[in-house]
Amino acid sequence: MAENPSFLCRRTFVTTALLGLAGCAAACSTAAPWYTPDTNSQADALEVPLSALGPENYVILDAKNFPAPILLARQDQNYTAVEMICTHRGCAVHVQRNRLVCPCHGSQFELNGNVLQGPAAQPLRRYSVQQEGDILHITRSSY
Ligand code: FES
């Protein structure tokens, strides 16, 4: 029986996230904030209130209708949303200070997904972010 690809991706994420947490326990200075968007969101979109970002200027979105958690970050007045899966070989990345770090082979990314250090050569998958008042609309149609 064929497995649902999104299930595989979520299972891979959870497995690698647990491995990453073990490695991150000593290195991560603070726990990253999480936000679970309303499950009534459209299948290819999320609505997130600006207040979810908090003082850290980022939040991890646990979006059930997306294949993996998403890091939503604010830099100045620009918002970015990236999938927290390393583009090298698909491990889950985690937030460590002001960057995303892959525990598998050491790739590092800016919070907007740009590569800081390989072996990953491609940026993290980005989603479109549109602001409407105090709500951010994140869609995956543009990646
Ligand atoms: Fe992330 Fe290899 S899977 S660096």
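Numbering of ligands and ligand atoms starts at 1, following listing order. All residue numbers in this chain count up from 1 along the given sequence.
Panel note: side chain E47, backbone I135; no donor-acceptor pair is recorded below 3.5 Å.
Here H105 reaches atom 2 (Fe) of ligand 1: one of its N/O/S atoms is less than 2.8 Å from the metal.
The shortest non-hydrogen separation linking A81 to I70 is CB-CG2, 3.8 Å.
Shortest contact from atom 3 (S) of ligand 1 to any protein heavy atom: R89 N, 3.3 Å.
In this comparison of C104, C91, G90, S107, the heavy atom closest to atom 4 (S) of ligand 1 sits on S107.
By the SG-distance test at 2.5 Å, a disulfide connects C104 to C91.
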For this session: Before giving the answer on side chain to side chain contact (heavy atoms under 4.5 Å, CB included), spell out for R125 and I85 the whole-Å C-alpha distance, their side-chain angles and the decisive distance to 0.1 Å.
Result: CA-CA 8 Å; R125 176 177 285 180; I85 296 292; over 6 Å; no
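No side-chain heavy atom of Q117 sits less than 4.5 Å from a side-chain heavy atom of V101.
Computed with atom 1 (Fe) of ligand 1 at the centre, the C86 SG to C102 SG angle is 110°, stated to 10 degrees.
When the N, O or S atoms of H88 are ranked by distance to atom 2 (Fe) of ligand 1, ND1 comes first.
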